[in-house]
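Notes for the one structure printed next.
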Amino acid sequence: MLQVQNIDVHYGKIHAIKNISFEVKHKEIVTLIGANGAGKTTILKTLSKILKPTSGDVIFKGENIKSIQPYNMIKMGLAHAPEGRRIFSQMTVLENLEMGAFIRKETKAQLAQEMEVVFTRFPRLKERRSQTAGTLSGGEQQMLAIGRALMSKPEILLMDEPSMGLAPILVDEIFNIIEEINNAGTTILLVEQNANRALQIADRAYVLETGKIVMQGDAKELMNRDEIKKAYLGG
Ligand code: ATP
């Protein structure tokens, strides 16, 4: 579904991504793990065309994304739930969700139907649909960011640190939801610092260090490697 081929990404002189290649297959959960600053967010921003690679190619559903307008990435089925819960804090929950479907130019009936799907997955958002998003708790804002991305009915969902800053019980809930979304047919590329939890739900993983992929493989197999245990799983 998604092939990343030898991409480099720079911020001015900073070489943030160094010749990275990886792939995500249909219906997989693939996770990119790595410490702060390893380049995880930069990769997701490149895939959703917020950033441009300085070299290399990204192929999405057989098409090179170079020739695709950023807003058409969503139409083609790629959605990005960004880190830091970048929701529209002055808007209501309902308005945030509507924004997620905006680009698809849907009928009111389709919109209502998708909204119901999101509300079924996130009943808390339904209860709070008229509330301003900025007044939601951290966990609720995270759910809204995911719900908003789901409103575009993505084939692949890019998720940036969905568990960041959440209480352990909410972390469990978020990871369960990610698995449910995947079971319902959506391919997932998950960026996480919580390597333990990410590896538990992923099919495959890539380990990123200072802009390079240093290890890759089956997620369960990686979990058992000593170097992963030491560096990422707390011993
Ligand atoms: P985090 O978990 O902290 O978000 P990350 O793995 O997602 O880490 P990135 O945010 O992708 O890492 O950052 C990769 C590298 O690029 C870091 O060295 C970072 O300092 C640098 N970087 C990120 N954004 C910018 C920017 N806007 N300008 C300059 N350098 C940047």
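Counting starts at 1 for both ligands and their atoms, following the listed order.
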Exercise. Counting only N and O atoms by type, is there a donor-acceptor contact under 3.5 Å from the side chain of Glu114 to the main-chain atoms of Leu111?
Worked result: no
For this session: Measure up the His10 and His15 rings against each other and bin them: parallel (under 30°), tilted (30 to 60°), perpendicular (over 60°).
Result: parallel
Exercise. Quick one: salt bridge (Lys or Arg N to Asp or Glu O under 4.0 Å) pairs with a partner in residues 172-195, sequence neighbours left out?
Worked result: Arg121-Glu180, Asp172-Arg197
Exercise. Is the NZ or CZ atom of Arg225 positioned over Tyr232's six-membered ring, under 6.0 angstrom from the centre and within 45° of the axis?
Worked result: no
For this session: Answer yes if the side chains of Thr54 and Asp8 hold a donor-acceptor pair under 3.5 Å, and no otherwise.
Result: no
Exercise. Protein residues near ligand 1, heavy-atom distance below 4.0 Å?
Worked result: Tyr11, Ile14, Ala16, Ala35, Asn36, Gly37, Ala38, Gly39, Lys40, Thr41, Thr42, Glu83, Glu161, Gln193
For this session: Could you tell me whether the side chain of Ile156 reaches within less than 4.5 Å of the side chain of Ile188, counting heavy atoms only?
Result: no
